[in-house]
Amino acid sequence: MTRRPYIVGNWKMHGTRAMLSEARAIDRAAQRHMKVEVAIAPPYTLIHAIHREAEQIAVGAQDCHEVDGGAHTGDVSAAMIADAGAKFVILGHSERRQNHNESDALVRAKAESALAAGLRIIMCCGETAQLRESGDAVAFVKQQLAASLPPAETMPADIAERLTVAYEPIWAIGTGNVATTDDIGEMHAAIRALLIELFGEEQGAEVRIIYGGSVKPDNAAAIFAVPDVGGALVGGASLTADSFMGIALAAS
Ligand code: G2H
């Protein structure tokens with residue numbers, strides 16, 4: 001991989017305007033770590049404020065609706081988040097698949113809408129503990145990812161620029177349990193093979209695959225040393241500039 005490591009903070013449902021100072025600190029630190037591409041996905045309510053101030057980091061959203069607009073009370077479209085300054089959107093996170101019953105087909109429709117709005121997408125995939133224990137994790141993740149991604153012929157020409165895949169084993173999210181480096185390596189290799197199958201040798205080899213699930217400053221270096229780990233999607237440890245940039249430093 002020749003791409004810069006991609007370190008993305010997923011603030012989940014954390015953050016009021018008081019967190020803007022943390023975003024500023026992340027932005028300042030990112031200006032000193034140019035070998036790493038740093039981004040944060042705050043709640044919708046902070047996207048525009050962070051976008052206005054940030055000089056180095058990109059700001060994104062954690063979800064979007066699958067249609068452009070209409071009678072959808074409480075929903076926010078891809079075009080709206082792009083208008084607010086978002087450059088990317090996280091889609092198919094397991095918390096949305098579980099808590100909002102998001103199917104692969106719905107996630108795919110959201111991806112199509114986000115790409116049409118000019119956004120980059122971070123497509124999440126990952127298995128439950130039960131699937132990991134049964135030995136079916138790789139087959140499940142490949143099937144889930146293939147079903148969640150738009151068909152190759154509808155993807156933009158610059159697929160590798162517009163798509164990032166995030167492998168997040170569900171049992172590792174917010175639990176402190178990190179997948180072993182062998183397990184991460186095996187899954188990222190399987191995802192790489194699938195991306196090449198779907199998008200061809202050139203584009204499929206360039207799409208970044210990042211890891212998520214209890215990434216912290218003290219385990220990040222070992223994770224980034226695994227072949228085909230192109231960065232991290234970070235939840236809890238992205239909420240303070242110190243811990244988040246500690247992870248970014250481990251990637252630089
Ligand atoms: C996984 C991750 C961020 P955490 O959801 O997407 O969260 O780092 O808290 O496990």
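Every number for a ligand or one of its atoms is a count from 1 in the order of the listing. Computed from heavy atoms alone, side chains included, the values below leave out hydrogens, waters and symmetry copies.
Using a 4.0 Å cut-off between charged side-chain N and carboxylate O, Glu37 and Lys87 make no salt bridge. Salt bridge annotation for Arg208-Glu161: absent, with no cationic side-chain nitrogen under 4.0 angstrom from a carboxylate oxygen.
His14 pairs by the ring pair (Phe, Tyr, Trp, His ring centres under 6.0 Å) definition with nothing, not counting sequence neighbours.
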Counting only pairs under 3.5 Å, give me each side-chain donor-acceptor contact of residues 178-185, with atom names and distances, residues two or more places apart or in other chains.
residue, atom, partner, partner atom, Å
Thr180, OG1, Asp183, N, 3.0
Thr180, OG1, Asp183, OD2, 3.2

Contacts under 3.5 angstrom, residues 243-252 side chains, donor-acceptor by atom type, not counting sequence neighbours:
residue, atom, partner, partner atom, Å
Ser243, OG, Ala237, O, 2.7
Ser243, OG, Thr240, O, 3.4
Ser243, OG, Thr240, OG1, 2.8
Ser252, OG, Leu249, O, 2.9

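Closer than 4.0 angstrom to ligand 1 lie heavy atoms from Asn10, Lys12, His93, Glu168, Ala172, Ile173, Gly174, Gly213, Ser214, Leu233, Val234, Gly235, Gly236.
The one candidate from Gln98, His100, Glu168 that meets the side-chain hydrogen bond (donor to acceptor under 3.5 Å, both in side chains) condition with His93 is Glu168.
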